[in-house]
Amino acid sequence: MNIFRLAGDMTHLMSVLVLLLKIHTIKSCAGISLKTQELYALVFATRYLDIFTDFISVYNTIMKLIFLGSSFSIVWYMRRHKLVRRSYDKEQDTFRHFFLVLPCLLLALVMNEKFTFKEVMWAFSLYLEAVAILPQLVLLQRTKNIDNLTGQYVFLLGAYRAFYIFNWIYRYFTEPHYVHWITWISGLVQTLLYADFFYYYFNSWKNNVKLHLPA
Amino acid sequence: SGGADVKDEL
């Protein structure tokens, strides 16, 4: 475990926990895309199929349990909690899961490290994670609503992406056989989507105007 | 080495 990996895991963890705690506390999920949250729950569920079969470390198992528990809790709040669900921008959050899930599944069937159920699901989870933020970005663009909650959430996710890339570079030079093309390429695509968002986020902050993303 | 090894990242 290097410092970049730890920082990446911690910002990732904070992004999910900050979102869950705020939804729990203020009983509102305004500006948050349920589609993106459901996709993340699916990402964790398909990636952590090894949770009971391969023991890596106590840290690893606990983190997986927290990610699974918190992502499904967020979805539960947004769908089932009687106050939270009222604040959900349902009419604006119209992105179809299907358009992201199907291509990722097909790509995972073709591009995987080994053609087994677990490996195909693992590749699928990486492809899906790369694009799962898209419904959130579409919702931001439509509602033009970038409050503190959404801003902090997307900022923490962006920090997680950046730290993971530093982690891969570090591991590539320090661990002789560390090569994971699928992880790196899908991770890079995901980070580029964030960079695009950050460009507009930073500009709107600098000019002290409301965020205005291009259509 | 890029094979179907144990994945230690989250």
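Remember, it's a predicted structure, so these values are computed and weren't measured experimentally. Proteins come first, then strands; the chains are lettered A, B, ... in the order of their sequence lines, and each starts at number 1.
- A cation-pi contact links A/R171 to A/Y178, judged by a cut-off of 6.0 Å to the six-membered ring centre and 45° from its axis.
- Options A/W122, A/Y48, A/F44 differ in how many heavy-atom pairs under 4.5 Å they form with chain B, and the most are formed by A/W122.
- Using non-hydrogen atoms only and a strict 4.5 Å limit, the part of residues 56-65 of chain A facing chain B consists of A/I56, A/Y59, A/N60, A/M63, A/K64.
- Between the side chains of A/H180 and A/E113, a donor-acceptor pair is found at a separation under 3.5 Å.
- Within the 4.5 Å cutoff, the side chain of A/V84 has no heavy atoms near those of the A/Y88 side chain.
- Per-residue counts of heavy-atom pairs under 4.5 Å with chain B were compared for A/K118, A/R5, A/E175; the largest is that of A/R5.
- For A/W184, no part sits under 4.5 Å from any heavy atom of chain B, backbone or side chain.
- Taking A/T183, A/T116, A/N167 one by one and counting their heavy-atom pairs under 4.5 Å with chain B, the maximum is reached by A/N167.
- Contact check on B/E9 versus A/R47 returns no salt bridge, with no Lys/Arg side-chain nitrogen under 4.0 Å from an Asp/Glu carboxylate oxygen.
- Ring pair A/H12/A/Y164: centre-to-centre distance not below 6.0 Å.
- Residue pairs meeting the salt bridge (Lys or Arg N to Asp or Glu O under 4.0 Å) criterion with at least one member in residues 18-46 of chain A, sequence neighbours excluded, are A/E38-A/R79.
- Under 3.5 Å, the side chains of A/R142 and A/T94 contain a donor-acceptor pair of N or O atoms.
- For A/F4 and A/F163, the ring centers sit 6.0 Å or farther from each other.
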